[in-house]
Number of protein chains: 2
Amino acid sequence: MRPLEPIGPGGPSPNAASSDDGDDYTFCTTCAFSHACLSEGYAKQDLAALHVLVEHIGPFPPGRPIFKKGDAFNAIAAVRAGTVKTFILDDAGNEQVLGFHLPGEVIGLDAIHSSRFPCSAVALDTVTLCRLSFPKLSLLAARMPGLQQQLFRLLSQDIGKSNLLAGDSSSEQRLAAFLLLLSARYAARGFSPSRFLLTMSRTDIANHLRLAPETVSRIIRRFSSEGLIDIRQRDVQLLDRERLAAMARPILRD
Amino acid sequence: MRPLEPIGPGGPSPNAASSDDGDDYTFCTTCAFSHACLSEGYAKQDLAALHVLVEHIGPFPPGRPIFKKGDAFNAIAAVRAGTVKTFILDDAGNEQVLGFHLPGEVIGLDAIHSSRFPCSAVALDTVTLCRLSFPKLSLLAARMPGLQQQLFRLLSQDIGKSNLLAGDSSSEQRLAAFLLLLSARYAARGFSPSRFLLTMSRTDIANHLRLAPETVSRIIRRFSSEGLIDIRQRDVQLLDRERLAAMARPILRD
DNA sequence: CGGAAACTTGAGAGCCATCAACCAGTGTGG
DNA sequence: CCACACTGGTTGATGGCTCTCAAGTTTCCG
């Protein structure tokens, strides 16, 4: 039996440890914006101007709504810890899961153009956020070319993301792609790429991938019995990244 | 037999008539950026600065590639006339149609973050474009808050677009939604909302909606026989917008 | 006019959703 | 401490929507 020590998203963020120190901007690297500025080597006063915009909010307990479709938009947020699910409900009450946002990722970018949130968001586990007033951020971006570029990049990136799972592909291809994408996103934030916790329910995964929960369950079982993954509850380990990648190839492409 | 006078996207753009006059910036309204500035009431010198960035290119004949996946990105483009199809090919050669871009719409926004085009684009009919150097545009945006906002809005809008057809829904819901979306987009540019030409093939529509061409054909036939639409080849007329909207409700929602 | 491409129509198969039942973990209250 | 309800997950059987395959028809264009 494999030991179940705390791992991945269950544990503390590896980079967030010093982010509450207040004065030392160099360590709030879970926040994509600070990070952007750091990597561009800006003057300390600009960093300060940016950092003063950052408002740490939360924690949100599991299930707590973060914003609702139709809410007035005036700030974007970067996830510091936990997982945020975005979704929309049609008038029959059917949920459509748009995506999951991991630590270091930004939510609310799709709300800019209409000044209202086009979707709702809820915390899947204990979530803390960095809130950034968008008007103030825009103002600052006009003064800081690197920040403007970073915002453009973030927005641009999100366009491509939704296209990934847009195609028609088999259920197994989509699930393989989903796991590999999660892995890559965790890896990008300093978590283990081969072992992590699925912070979302099977039902949410299924909905997001346009599958029935039963189908997800069956495919997970199959992946597991074929030695592609090892999974206990929501603790998943990727054993054969090669074959997973081969499966997901038509979706991930590169 | 209904007469087949030239309509919609087949004819000249209703707003583009004077856009080649050079000095009078007030009439290049097919270009989303000029339009944005006009609506914000900018100083003439700013308009001039913007207009000097606009490079009219084309025409591209039907089938001509506009850019290819992997190409270096340095400019976005607004469609002046015609329809542009964006798509990606997996290594088996299977095409995945990401979207269609009508006059007034912008292409290339998804290329910003990686400085390479993540998809390919091809002209479906005779296409002319406004090319806008993105570095120069960014520079100008820092000086013109309204332009920066407009860019943010355009990018943000594109994020939402891809989410529309992301859900799982029946083939007839998706096709109804597709027709209504086209209608709204044509209407927004001054074309008839109830009658227009499908500038893309059934195969492309099918691919975009994750359906087989045969399925699209059958549903079009059904819509037609039920009096929802009247269609001759690619010339389509929406007859019962109400019922179409009712069908597409779970997708369009509002 | 001829050939290719696009579109349509029909028949059969397959993937996945649906329905239903069961199981496991968790929290609640008697 | 245990019965109970409840949520989330799993497993099995069945059916339907849509794809696939195949052939025929129309349109387009050299």
Side-chain angles (χ1 to χ4, degrees), chain A residues 1 4 61-63 83 85 92 94-97 122 124-125 165 167-178 197-225 229-236 247 250-251, chain B residues 1 4 10 61-64 83 85 92 94-97 122 124-126 165 167-178 197-226 229-236 247 250-251:
Chain A
M1 183 74 161
L4 283 175
T83 308
K85 173 181 80 169
N94 300 314
E95 184 174 323
Q96 156 72 7
V97 174
V122 66
L124 290 184
D125 44 15
L165 296 168
D168 75 330
S169 37
S170 73
S171 52
E172 156 176 284
Q173 288 172 338
R174 280 213 290 287
L175 191 60
F178 177 73
L197 293 181
L198 299 173
T199 50
M200 64 297 288
S201 70
R202 302 280 196 271
T203 303
D204 284 338
I205 297 175
N207 188 314
H208 180 50
L209 300 178
R210 302 192 303 268
L211 298 172
E214 293 91 333
T215 305
V216 169
S217 186
R218 278 183 253 267
I219 296 176
I220 283 180
R221 183 168 176 25
R222 196 189 317 157
F223 281 2
S224 179
S225 70
I229 63 175
D230 183 20
I231 189 165
R232 313 274 160 91
Q233 263 72 287
R234 296 184 171 187
D235 175 2
V236 64
M247 268 187 192
I251 297 178
Chain B
M1 181 74 163
L4 284 176
R64 172 77 56 86
T83 308
K85 174 180 80 169
N94 300 313
E95 183 175 322
Q96 156 72 7
V97 174
V122 66
L124 290 184
D125 44 16
T126 302
L165 295 168
D168 75 331
S169 38
S170 73
S171 52
E172 71 173 14
Q173 287 172 338
R174 279 213 290 287
L175 191 59
F178 177 72
L197 293 181
L198 298 173
T199 50
M200 64 297 288
S201 70
R202 303 279 195 271
T203 303
D204 283 338
I205 297 175
N207 189 314
H208 180 50
L209 300 177
R210 301 192 304 266
L211 298 172
E214 295 91 332
T215 305
V216 170
S217 185
R218 280 183 254 266
I219 296 177
I220 283 179
R221 181 167 173 39
R222 196 191 315 158
F223 281 2
S224 179
S225 70
E226 289 176 357
I229 63 175
D230 183 20
I231 189 166
R232 314 273 161 90
Q233 264 74 283
R234 294 184 174 188
D235 174 3
V236 65
M247 266 185 194
I251 297 177

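Please read all numbers here as calculations on a predicted model, not as lab measurements. Residue numbers start from 1 in every chain, and the chains themselves are labelled A, B, ... in the order their sequence lines are given, proteins ahead of strands.
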Write down the distance between [atom1] ([X]) and [atom2] ([N]), rounded to a whole number of angstrom.
X: A:R222; N: D:dT11; atom1: CZ; atom2: C1'; result: 14 Å
X: B:L209; N: D:dC17; atom1: CG; atom2: P; result: 18 Å
X: B:R221; N: D:dG24; atom1: CZ; atom2: C1'; result: 14 Å
X: A:I219; N: D:dT10; atom1: CD1; atom2: P; result: 12 Å
X: A:I220; N: D:dG8; atom1: CD1; atom2: P; result: 15 Å
X: B:D235; N: D:dT27; atom1: CG; atom2: C1'; result: 15 Å
X: A:D168; N: D:dT20; atom1: CG; atom2: C1'; result: 13 Å
X: B:L175; N: D:dT18; atom1: CG; atom2: P; result: 11 Å

| request: Given side-chain contact (heavy atoms from CB on, under 4.5 Å), test A:M200 with A:V97 step by step and report yes or no. | output: CA-CA 11 Å; A:M200 64 297 288; A:V97 174; over 6 Å; no
| task | Ignoring hydrogens and angles, tell me if any N or O in the side chain of B:R210 forms a donor-acceptor pair with the backbone of B:D168 under 3.5 Å. | result |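 No; zero donor-acceptor contacts below 3.5 Å.
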| Does the B:N207 side chain pair with the main chain of B:E95, one donor and one acceptor, at a distance under 3.5 Å? |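 Such a contact is found between B:N207 side chain and B:E95 backbone.
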| Taking all atoms of both residues into account, what is the closest heavy-atom pair of A:A176 and A:M247, and its distance? |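 Scanning both residues completely, I find the closest heavy atoms to be CB-CB, 4.0 Å.
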| For the residue pair B:I219 and B:S171, what are the closest heavy atoms and their distance? |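 Nearest heavy atoms, B:I219 then B:S171: CD1-OG, 3.1 Å.
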| field | Minimum-distance nucleotide (side-chain atoms of B:E214 versus D:dC21, D:dG12, D:dT18) | value |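 From the listed options, D:dC21 comes nearest.
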| field | Among D:dA13, D:dC19, D:dG8, the one nearest A:R218 by side-chain distance | value |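 Taking heavy atoms from C-beta onward, the closest nucleotide is D:dA13.
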| Going 5' to 3' on DNA chain C, which nucleotide is the first and which the last to come under 4.0 Å of a heavy atom in chain A? |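 Taking any atom under 4.0 Å from a heavy atom of chain A, the span is C:dC16 to C:dA20.
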| query | Between B:T215 and D:dC19, is there a side-chain N or O to OP1/OP2 distance below 4.0 Å? | reply |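 Result: yes.
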| message | With a cut-off of less than 4.0 Å, is there a side-chain N or O of B:R234 near OP1 or OP2 of D:dT27? | response |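 For D:dT27, neither OP1 nor OP2 has a side-chain N or O of B:R234 closer than 4.0 Å.
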| field | Note, A:L198 side chain near A:I231 side chain (heavy atom, < 4.5 Å) | value |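 Of all side-chain heavy-atom pairs linking A:I231 with A:L198, at least one is under 4.5 Å.
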| said: Do A:E172 and A:R222 have side chains that approach each other closer than 4.5 Å (heavy atoms only, starting at C-beta)? | reply: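 They are in side-chain contact.
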| task | Tell me what B:R210 touches on the nucleic acid: a base, only sugar-phosphate, or nothing, going by heavy atoms under 4.0 Å. | result |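 Sugar-phosphate, backbone atoms only, no base.
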